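Quick notes on the structure that follows.
Proteins get letters first, then strands, A, B, ... in listed order; numbering begins at 1 in each. Keep in mind that what you see is a predicted model, and the values were worked out from it rather than measured. Scope of the values below: all heavy atoms of this structure, side chains included, with no hydrogens, waters or symmetry mates.
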Protein chains: 2
Amino acid sequence: MKLSTRSLYGMRALVELALLSGRGPASASHIATRQCLSIAYLEQLLHRLRKAGLLTSVRGPRGGYSLARLPHQITMAEVVRILDGEQGPWETIQPRLRKSGSGSLTSGRHAQQISVAVGRCVHARLAESLGGVTLEDLCQEVKSLDGEPLDHRYVFHI
Amino acid sequence: MKLSTRSLYGMRALVELALLSGRGPASASHIATRQCLSIAYLEQLLHRLRKAGLLTSVRGPRGGYSLARLPHQITMAEVVRILDGEQGPWETIQPRLRKSGSGSLTSGRHAQQISVAVGRCVHARLAESLGGVTLEDLCQEVKSLDGEPLDHRYVFHI
DNA sequence: AAGATACCCTACCAATTCTGTCAAGATATC
DNA sequence: GATATCTTGACAGAATTGGTAGGGTATCTT
């Protein structure tokens with residue numbers, strides 16, 4: 001269970017924007033350069049974040065993206081939900097069986113009940129944890145790293 | 001960000017074992033039948049859980065698997081970590097670039113710092129949330145679902 | 001008006017990962 | 001020794017992911 005790079009990129013861009021806020025919109029290429037990301041790919045992500053209402057954009061020269069809300073009003077849960085997609089809860093989990101086999105269609109009430117229990121727990125916990133992290137928190141964390149040597153020993157998955 | 005079916009299957013099997021505990025080992029095929037899972041696939045997962053020390057197994061007729069610890073001593077974080085794998089923290093996140101491009105190698109100190117900040121937050125939160133859910137909790141949740149109609153509206157991702 | 005800058009949008013591709021199968025072997029119980 | 005069960009590894013198809021390509025459109029500057 002790990003953060004997709006997609007979500008990580010998105011978060012990086014947003015943190016960048018949060019740090020730059022107050023200075024007018026920042027262009028996708030500016031962010032991409034500072035964050036060492038592929039411009040074309042980043043644009044896709046920014047676009048999705050804009051459609052979801054997290055960003056506003058201005059076209060034309062001196063245009064770019066800005067946060068649509070204050071940093072403490074944007075949570076990580078929201079970003080992950082937007083970028084990793086909001087697939088149907090049930091269909092996503094349905095396995096892809098090759099041959100007809102009984103498979104793991106949770107046909108039995110008993111099995112279904114357990115799936116639901118696990119699903120509820122996971123969802124509740126994730127939403128709670130990641131919903132508690134805002135862009136502002138991350139900006140703080142970034143600042144606290146200022147002097148520290150970065151030793152690559154950070155982890156994105158459980 | 002979602003739970004892999006692998007982890008879900010593993011959890012389902014473990015909950016099943018927890019519910020069945022005290023009645024001797026349960027065979028893989030028994031669990032698979034009750035949980036509507038493919039036997040061969042489930043065996044892989046059970047085996048990994050055994051190697052990790054979460055299960056004990058008995059061979060031969062009337063053999064099977066049992067929990068190596070009490071249900072409240074097994075957390076979801078542990079299971080997910082075992083089944084989804086403990087890949088290197090950095091390599092996993094490293095994107096697969098097709099052409100040489102500067103890509104998203106976090107070469108700049110600034111970009112790296114933000115990645116670290118996000119990574120730390122995610123890891124800490126996930127470990128905290130999923131580490132707080134035990135098999136016993138899930139058994140409780142299952143029981144609480146006993147009367148309820150199951151409407152497939154459960155979610156496994158954020 | 002021209003052109004540069006930047007966002008907007010839609011396909012598409014290839015590598016990897018994930019889910020699941022198969023087959024052969026080992027080992028304990030009946 | 002027959003049978004039930006765990007053990008192990010190799011393998012294959014499908015889905016997802018990360019990334020590219022290329023054309024369009026709005027807006028600012030000159």
Side-chain angles (χ1 to χ4, degrees), chain A residues 1-10 12-13 24-33 36-51 55-66 83-85 87-88 91-105 157, chain B residues 1-10 13 24-33 36-51 55-66 83-85 87 91-105 157:
Chain A
M1 171 159 248
K2 52 179 189 272
L3 194 65
S4 65
T5 68
R6 193 157 52 208
S7 287
L8 175 60
Y9 291 4
R12 280 165 64 183
S27 73
S29 65
H30 182 224
I31 300 173
T33 306
C36 313
L37 299 173
S38 137
I39 297 169
Y41 191 40
L42 180 62
E43 272 188 340
Q44 282 181 30
L45 307 184
L46 293 174
H47 183 227
R48 282 161 80 164
L49 292 171
R50 187 192 65 83
K51 272 199 301 188
L55 297 178
T56 56
S57 60
V58 178
R59 295 175 122 178
R62 313 195 55 80
Y65 295 91
S66 329
L83 293 180
D84 275 358
Q87 314 102 319
E91 302 76 43
T92 313
I93 289 303
Q94 215 42 258
R96 46 222 185 192
L97 292 172
R98 221 167 336 164
K99 285 168 191 169
S100 63
S102 72
S104 54
L105 283 157
H157 60 91
Chain B
M1 172 159 245
K2 54 179 186 272
L3 194 64
S4 65
T5 69
R6 193 157 51 208
S7 288
L8 175 61
Y9 291 3
S27 72
S29 65
H30 182 223
I31 301 172
T33 306
C36 312
L37 299 173
S38 134
I39 297 169
Y41 192 39
L42 179 63
E43 275 186 337
Q44 279 181 33
L45 308 183
L46 293 174
H47 183 230
R48 280 161 82 164
L49 292 170
R50 189 194 64 85
K51 273 200 299 189
L55 297 178
T56 56
S57 61
V58 178
R59 297 173 121 174
R62 313 195 55 80
Y65 295 90
S66 331
L83 293 180
D84 275 357
Q87 315 103 319
E91 303 75 42
T92 312
I93 290 304
Q94 215 42 257
R96 45 222 186 193
L97 293 172
R98 223 168 332 167
K99 284 168 192 169
S100 62
S102 71
S104 55
L105 283 158
H157 59 91

Counting only side-chain nitrogens and oxygens, does B:Ser38 get under 4.0 Å of the OP1 or OP2 atom of C:dT19?
no

Here the distance between atom C1' of C:dT10 and atom NZ of A:Lys51, to the nearest Å, is 10 Å

Would you mind reading off the distance between A:Tyr9 atom OH and D:dT20 atom C1', rounded to a whole angstrom?
14 Å

A:Ser27 side-chain proximity, nearest of C:dC7, C:dC9, D:dG9:
C:dC7

Heavy-atom pair of closest approach, residues B:Pro25 and B:Gly64:
CB-C, 3.5 Å

Could you state the NE2-C1' distance from A:His47 to C:dA6, rounded to the nearest angstrom?
14 Å

From the candidates D:dC6, D:dT20, C:dT19, the one with an atom nearest any side-chain atom of B:Ala28 is D:dC6

Please identify each residue that fulfils side chain to side chain contact (heavy atoms under 4.5 Å, CB included) with B:Glu43, with sequence neighbours left out.
B:Ala28, B:Ile39

Test of understanding: with side chain to side chain contact (heavy atoms under 4.5 Å, CB included), list the residues that count as partners of B:Ala26, not counting sequence neighbours.
B:Leu17, B:Leu20, B:His30, B:Ile31

One character per nucleotide, please: for nucleotides 23-30 of chain D, 5' to 3', B when the base has a protein heavy atom closer than 4.0 Å, S when only the sugar-phosphate does, - otherwise.
-BBBBBS-

Output the rounded distance in Å from OH (A:Tyr41) to P (C:dC7).
18 Å

Under the side chain to side chain donor-acceptor pair (under 3.5 Å) rule, collect the residues that match up with A:Ser27, sequence neighbours excluded.
A:Ser29

How do A:Arg6 and A:Ala40 order along DNA chain D: which one's closest nucleotide is nearer the 5' end?
A:Arg6

Return the minimal non-hydrogen interatomic distance between A:Leu45 and A:Gly10, and the atom names on each side.
CD1-N, 4.2 Å

What is the separation between atom CG on B:Leu45 and atom P on C:dT21, rounded to the nearest whole Å?
12 Å

Could you tell me how far apart B:Met1 (CE) and D:dT16 (C1') are, to the nearest whole angstrom?
16 Å

Look at the side-chain N and O atoms of A:Ser4 and state whether any lies under 4.0 Å from the OP1 or OP2 oxygen of D:dT16.
no

Quick one: B:Ile31 CD1 to D:dC6 C1', roughly how many Å, whole number?
12 Å

What nucleotide, of D:dT17, C:dC18, C:dT10, holds the atom closest to the side chain of A:Gln44?
C:dT10

Who are the side chain to side chain contact (heavy atoms under 4.5 Å, CB included) partners of A:Thr33, not counting sequence neighbours?
none

Remember a base hit wins even if backbone is also touched, and classify B:Arg50 as base, sugar-phosphate or nothing at under 4.0 Å, heavy atoms.
sugar-phosphate

Less than 4.5 Å apart, side chain to side chain, heavy atoms only: is that true for A:Arg50 and A:His47?
yes

Which nucleotide in the list D:dG18, D:dC6, C:dC18 gets nearest to the side chain of A:Lys2?
C:dC18

d(CD1, A:Ile39; C1', C:dA6) in whole Å
11 Å

